[in-house]
Amino acid sequence: METVNPATGEVVDSYEEASASDIDDALARAEDTFAEWREVPLREREELIAAAGDVLRDNEREYAELMTEEMGKPISQAHSEIQKCQWLCDHYAQHASEYLEPETHPSPPGTTVETVYDPMGPVLAVMPWNFPFWQAMRFAVPYLVAGNVGLLKHASNVPGCALAIEEVFDEAGLPEGAFQTLLAGSDKIDDVLADDRVRAATLTGSGPAGRAVASTAGENLKKTVLELGGSDPFVVLDDADIDAAAETGAWARNQNGGQSCIAAKRFIVHENVYDEFLDRFVEECEALTVGDPTEEDTDLGPQAQAELMDDLQEQVEASVDAGANVVTGGEPLDRDGPFYPPTVLTDVPEGCPADSEELFGPVASVYSVGDEEAAIAKANDTEFGLGASIWTEDRERGQHVARRIDAGCTYVNQLTKSDPRVPFGGVKNSGYGRELSEPGIKEFVNRKTVWIE
Ligand code: NDP
């Protein structure tokens, strides 16, 4: 496995891919460690997860630089990602016991009936490159503290990050084998999933990858959590604070180079404020700096891989051929490397790629709608259902619109974001199950009934 710095085109490092026997050894280690780890009292597991947060704090710069090198994330955003992972560790270190408190049920006199939350065993995680630390820690921290052990199959372009995450848990003092990285290609995943020692799987990534993993897991009767793509609506109603909506909207679309499942992608704007919003939004997009991701003030670095930018450009060209209008951007920058500018499309025809597919880069589609009903209908006119953002000065109206949007997470006057305290996940083709907060830690536990006469 070779990693290439997308900003410079230079080979960063090469890694030996795991053989079938390496994978078998890892599964054996996971099974053995699970027997030990599940017996460690929850309070002690919380302390070890808190220690993982300290390791992240101590190595923040090194890990941030690694992300920037492997997938081109601007360095300031890479630091924020590591800090968010620290927060995640702190959150579960403080709340896991409360989340996993046994629940007592009404029962006949003289009996006690409760639900307890036992770990399930080794959980396989297939993770993407866009937030290399956050996506992997988001599964690892709650599942480990609940007493499971983790096996990470990370995206092939971020093996350095994958190994660094293993190091975080090792240095924190978790037993060897509690969290292991498998440097394996996706062709090895079916066999791992079919193995009896693996009890469940979680995947964050594209729809095709999600279907492949869920189908093999289904054949083997294993539970899955899927966090897939999105085409999130960003609804601007006629009473919105336009400056705030334009400023936040530009960031919601373009942060991380637009490579985020919960990025705002379809901007659905009430016709009364359409012109004003569009002008302000384009201004905000054009003010973002695209360039060297190691510079502190860079907003957008390169796209993570040249092929992914080529796919994005094809989607833009097909949309323009279908009738979409490019207001700004619209083609790669004239420089070496996969640098793509913030792009705004209007008059986007129904069914073209910019309307119906996920655009995993800094390209926004802006629509004008006649009223609130039309805005809700357009927001829901998608195969996806991950996040949504609604802008209005009337909080009650915002709540009402939020309730009518088919998405896993809705935000009023705020961009869609993940937060350790709040459940996160999608509906429709954006996946199922929830990560983070209490529902997240309870996805991979055995909710065991204990009846005592
Ligand atoms: P993929 O979904 O292909 O990759 C994500 C992870 O899944 C990687 O670890 C990948 O491994 C693995 N994977 C891929 N196919 C399979 C399979 N058949 N069985 C098991 N594991 C598999 O994303 P890409 O990087 O190719 O990006 C393509 C598109 O996916 C993006 O343009 C975007 O639309 C979407 N995406 C969504 C993300 C999200 O956060 N929801 C994140 C990343 C991408 P390997 O790297 O070895 O192929």
Side-chain angles (χ1 to χ4, degrees), residues 1-4 6 15 17-18 70-73 81 124-136 138-139 151-159 161-162 165 181-194 198 201-219 224-232 255-263 265 303-316 338 340 353-354 356-363 382-387 408-409 416-418 424-426 428-433 435:
M1 266 181 196
E2 231 174 37
T3 49
V4 175
Y15 300 82
E17 218 179 297
E70 287 196 326
M71 51 69 70
K73 188 183 296 282
E81 181 168 335
L124 171 70
V126 180
M127 289 290 138
W129 45 264
N130 56 342
F131 293 90
F133 269 74
W134 170 250
Q135 308 272 32
R138 190 170 69 187
F139 105 84
L151 294 157
L152 170 66
K153 181 263 174 282
H154 219 325
S156 300
N157 56 332
V158 289
C161 292
I165 295 165
T181 281
L182 306 175
L183 287 185
S186 46
D187 55 327
K188 303 269 173 42
I189 293 311
D190 276 354
D191 288 348
V192 175
L193 264 171
V198 172
T202 178
L203 175 138
T204 299
S206 64
R211 283 175 206 273
V213 163
S215 134
T216 308
E219 274 168 33
T224 47
V225 166
L226 299 182
E227 202 270 272
L228 308 176
S231 183
D232 283 7
Q255 64 170 310
N256 206 42
Q259 304 161 119
S260 167
C261 47
I262 48 168
K265 291 172 187 144
Q303 299 294 285
Q305 289 178 304
E307 308 78 60
L308 291 168
M309 187 188 72
D310 294 344
D311 294 346
L312 179 71
Q313 180 59 11
E314 271 179 31
Q315 289 172 306
V316 170
Y340 206 89
S356 61
E357 296 175 7
E358 174 170 43
L359 265 57
F360 217 61
V363 181
T382 168
E383 68 181 82
F384 298 108
L386 194 51
C409 334
T416 305
K417 55 185 180 179
S418 56
F424 180 83
K428 296 161 72 180
N429 285 357
S430 293
Y432 49 75
E435 298 193 276

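Both counts, for ligands and for their atoms, begin at 1 and track the order of listing. Computed from a predicted structure; not experimentally measured.
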Backbone N or O of L124 within a donor-acceptor pair of the K153 side chain at under 3.5 Å?
-> no

Would atom 4 (O) of ligand 1 count as contacted, meaning some protein heavy atom under 4.0 Å?
-> no

Within 6.0 angstrom of K417 NZ, more than 12 heavy atoms from elsewhere = no

Heavy-atom closest pair, residues P6 and Q303 = CB-O, 3.5 Å

Quick one: closest heavy-atom pair of A306 and P338, and the distance?
-> CA-CB, 3.9 Å

Gap separating the OG atom of S356 from the CD atom of Q315, nearest 0.5 angstrom | 9.0 Å

Which of the atoms in ligand 1, numbered in the order shown and given with their element, are less than 4.0 Å from a heavy-atom of E358?
-> 33 (C), 34 (O), 35 (C)

Examine T204 against ligand 1 and note whether any of their N/O atoms are separated by less than 3.5 Å.
-> no

Drop me the distance from M309's CE to L312's CG, to the nearest 0.5 angstrom.
-> 8.0 Å

Ligand 1 versus A212, non-hydrogen atoms closer than 4.0 Å: side chain, backbone, both, neither?
-> side chain

Determine yes or no for a side-chain-to-main-chain donor-acceptor pair under 3.5 angstrom, with N256 supplying the side chain and N130 the backbone.
-> yes

What atoms of ligand 1 come closer than 4.0 angstrom to any heavy atom of H154?
-> 9 (O)

What is the nearest protein non-hydrogen atom to atom 9 (O) of ligand 1, stated with its residue, atom name and distance?
-> M127 O, 2.8 Å

May I ask you to list the atoms of ligand 1 that are less than 4.0 angstrom from any heavy atom of Q135?
-> 40 (O)

Which protein non-hydrogen atom lies closest to atom 15 (N) of ligand 1, naming both residue and atom, and how far is it?
-> A209 CB, 3.6 Å

Which ligand 1 atoms are under 4.0 Å away from a heavy-atom of V126?
-> 6 (C), 7 (O), 9 (O), 12 (C), 21 (N)

Does S430 reach the main-chain N or O of G229 with its side chain, forming a donor-acceptor pair under 3.5 Å?
-> yes

Do any non-hydrogen protein atoms sit less than 4.0 Å from atom 34 (O) of ligand 1?
-> yes

Proximity of W129 to ligand 1 by residue part, where a heavy atom lies under 4.0 Å = side chain

for atom 38 (C) of ligand 1, nearest protein heavy atom and its distance come out as F360 CZ, 3.5 Å

Considering only protein heavy atoms, which is closest to atom 39 (C) of ligand 1, and at what distance to one decimal place?
-> C261 CB, 3.5 Å

Heavy-atom nearest neighbour of atom 1 (P) of ligand 1 within options S206, A214, G205 = S206

At a 4.0 Å threshold, what atoms of ligand 1 neighbour a non-hydrogen atom of V213?
-> 20 (C)

Say whether, by atom type as modelled, one donor and one acceptor occur between the side chain of H154 and the main chain of T181 under 3.5 angstrom.
-> no

Residue, atom name and distance, where the atom is the protein heavy atom closest to atom 28 (C) of ligand 1 | L308 CD2, 4.2 Å

Protein heavy-atom partner closest to atom 11 (O) of ligand 1 - residue, atom, separation in Å | K153 NZ, 3.1 Å

Relative to atom 16 (C) of ligand 1, which among S186, A162, P128, S156 owns the nearest non-hydrogen atom?
-> S186

Report yes or no: does E358 contribute a side-chain atom to a donor-acceptor pair with the main-chain N or O of G230 at less than 3.5 Å?
-> yes

CG of L386 to OG of S231, rounded to nearest 0.5 Å, is 10.5 Å

For ligand 1, which part of L228 has a heavy atom less than 4.0 Å away: the side chain, the backbone, both, or neither?
-> backbone

Whether Q135 side chain and P128 backbone form a donor-acceptor pair below 3.5 Å = no

